[in-house]
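Basis for what follows: all heavy atoms, side chains included, without hydrogens, waters or symmetry-related copies.
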Amino acid sequence: NILWLFSDDHAFQAVGAYGGRFQAFNLTPNLDSIAAEGMRFDKCYVGNSICAPSRATLLTGKHSHLHGKIDNHGEFNHDQLQFQKLLQANGYQTAMIGKIHLSGNMQGFDYWEVLPGQGNYENPEFITEKGKTSYPGHSTDIITDRALEWLQDKRDPSKPFMAMVHFKAPHRTWIPAERFREPFAQMTFPEPDTLFDDYSGRGVAAHEQDMSIDITMRMEKDLKTDRWPHRK
């Protein structure tokens, strides 16, 4: 059996098993347990770090110029060979649940339920082979519950499975489930050396990006409008 867990934009420094300044906070005990009982990869490289192209590479095993998905826009050719199709053809039951960021119907999966594009943190909508559906709650909890339901109740237990469980978190805008707010409020995180980096020595991509706490991080929900205003 193969269970693939994918957390989006999750820096290795934020996984306790890799050490670093967050290790003392025990933020990822379950991932750390998997690392302790299995194998930890210390040297990994990405073919493309942008959402959609990286996921196309994951499915096809090809670099972007070969699978044709070079950015987050445009179509993805689902007809090309993908690893889940090979597993399916050799007796595996396959499932994809969560974020994939590739438009069009998935192929090679007996069951798939994916977020449209980036997806929402709260009360997310999902696309399935039968149409759209939505669930109340936080996306991380819902993706987990949907995956567990398939693993426990919807697959054929006589066959091996390959399940891809793709979480939207912790991609910006970094909205945690409500139950995690209070524990984090009691923590003081050490500042990284690059906190006040002005990117003066960086290239155009670093200068023009807005994935920063100052611009992108959201504050507490405005109780009057029930919205999450951008931090100013």
Side-chain angles (χ1 to χ4, degrees), residues 1-59 61 63-64 83 97-101 115 118-119 121 138-145 147-148 151 162-203 205-207 209-219 231:
N1 294 325
I2 302 169
L3 177 61
W4 175 278
L5 303 178
F6 195 120
S7 49
D8 196 8
D9 280 359
H10 196 169
F12 76 90
Q13 301 96 326
V15 178
Y18 286 97
R21 64 182 186 279
F22 296 133
Q23 189 172 29
F25 294 96
N26 194 32
L27 301 179
T28 55
N30 294 315
L31 293 178
D32 299 346
S33 176
I34 293 173
E37 297 175 17
M39 185 192 328
R40 189 187 74 180
F41 287 91
D42 291 327
K43 292 187 177 181
C44 301
Y45 305 90
V46 297
N48 193 317
S49 60
I50 304 174
C51 280
S54 69
R55 294 163 192 275
T57 293
L58 168 65
L59 296 180
H63 286 298
S64 300
F83 88 97
I97 301 162
K99 179 181 175 182
I100 190 61
H101 212 153
L115 296 170
Q118 196 61 250
Y121 265 109
H138 191 276
S139 65
T140 297
D141 295 329
I142 293 168
I143 291 168
T144 301
D145 290 342
L148 287 173
L151 286 167
M162 189 285 292
M164 306 185 80
V165 185
H166 287 207
F167 299 99
K168 169 184 171 59
H171 190 286
R172 64 172 179 174
T173 49
W174 308 298
I175 301 174
E178 191 65 34
R179 66 182 181 278
F180 293 122
R181 290 182 176 275
E182 185 57 32
F184 277 97
Q186 309 303 318
M187 299 180 185
T188 300
F189 292 91
E191 296 178 353
D193 295 335
T194 57
L195 182 61
F196 298 105
D197 188 349
D198 62 3
Y199 294 92
S200 59
R202 311 293 184 87
H207 272 293
Q209 63 83 32
D210 70 346
M211 295 183 70
S212 63
I213 291 177
D214 183 51
I215 297 175
T216 313
M217 189 67 174
R218 296 190 176 203
M219 301 172 67
R231 182 186 175 101

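- By the side-chain contact (heavy atoms from CB on, under 4.5 Å) test, Ser64 is found to be paired with Asn48, Pro53, Thr57, His67, Ile70, residues two or more places apart in sequence or in another chain being considered.
- With rounding to the nearest 0.5 angstrom, the CD1 atom of Ile142 is 11.5 Å from the CZ atom of Phe167.
- Counting heavy atoms of neighbouring residues, nucleotides and ligands inside a 6.0 Å radius, atom CG of Asp193 does not exceed 12 of them.
- In this structure, the separation between CZ on Phe6 and CG on Leu58 is 6.5 Å, given to the nearest 0.5 Å.
- With contacts defined as side-chain heavy-atom distances shorter than 4.5 Å, the pair Ile100/Met164 does not qualify.
- Remark: Ile97 CD1 to Leu148 CG distance equals 8.5 Å, nearest 0.5 Å.
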TODO: Show your reasoning for whether side-chain contact (heavy atoms from CB on, under 4.5 Å) applies to Val165 and Thr144.
DONE: CA-CA 8 Å; Val165 185; Thr144 301; 5.6 Å; no
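- For the salt bridge (Lys or Arg N to Asp or Glu O under 4.0 Å) test, residues two or more places apart in sequence or in another chain that qualify with Asp141 are Arg179.
- For the side chain to side chain donor-acceptor pair (under 3.5 Å) test, residues two or more places apart in sequence or in another chain that qualify with His10 are Ser7.
- Rounding to the nearest 0.5 angstrom, the gap separating the CD atom in Glu182 from the CE atom in Met187 is 10.5 Å.
- Atom CZ of Phe189 has more than 12 heavy atoms from other residues, nucleotides or ligands within 6.0 Å.
- Atom-to-atom distance recorded for Asp9:CG and His171:NE2 is 4.5 Å, nearest 0.5 angstrom.
- When all heavy atoms of Arg181 and Pro176 are compared, the closest pair comes out as NH2-CD, 4.1 Å.
- Considering only residues two or more places apart in sequence or on other chains, Gln13 meets the side chain to side chain donor-acceptor pair (under 3.5 Å) condition with none of them.
- Every side-chain contact (heavy atoms from CB on, under 4.5 Å) that Phe196 has, sequence neighbours left out, goes to Glu191.
- With sequence neighbours left out, the side-chain contact (heavy atoms from CB on, under 4.5 Å) criterion links Pro183 to no other residue.
- Residues forming a salt bridge (Lys or Arg N to Asp or Glu O under 4.0 Å) with Lys168 (at least two apart in sequence, or on another chain): none.
- Evaluation of the side-chain contact (heavy atoms from CB on, under 4.5 Å) rule for Ala169 yields Tyr121, Thr140 as partners, not counting sequence neighbours.
- The structure places SG of Cys51 at 5.0 Å from CD of Gln118, a figure rounded to the nearest 0.5 Å.
- At least one donor-acceptor pair under 3.5 Å links the side chain of His166 to the backbone N or O of Lys99.
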May I have the list of side-chain donor-acceptor pairs in residues 27-37 shorter than 3.5 Å, sequence neighbours left out?
from: Thr28; atom 1: OG1; to: Gly16; atom 2: N; distance (Å): 2.8
from: Thr28; atom 1: OG1; to: Asp32; atom 2: OD1; distance (Å): 3.0
from: Asp32; atom 1: OD1; to: Gly16; atom 2: N; distance (Å): 3.3
from: Asp32; atom 1: OD1; to: Ala17; atom 2: N; distance (Å): 2.8
from: Ser33; atom 1: OG; to: Glu37; atom 2: OE2; distance (Å): 3.3

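- A salt bridge (Lys or Arg N to Asp or Glu O under 4.0 Å) check over residues 45-58, counting only residues at least two apart or in different chains, returns the pairs Asp8-Arg55.
- Here Asp42 pairs with Arg40 under the salt bridge (Lys or Arg N to Asp or Glu O under 4.0 Å) rule; sequence neighbours left out.
- Shown here are the side chain to side chain donor-acceptor pair (under 3.5 Å) partners of Asp197, two or more places apart in sequence or in another chain: Arg202.
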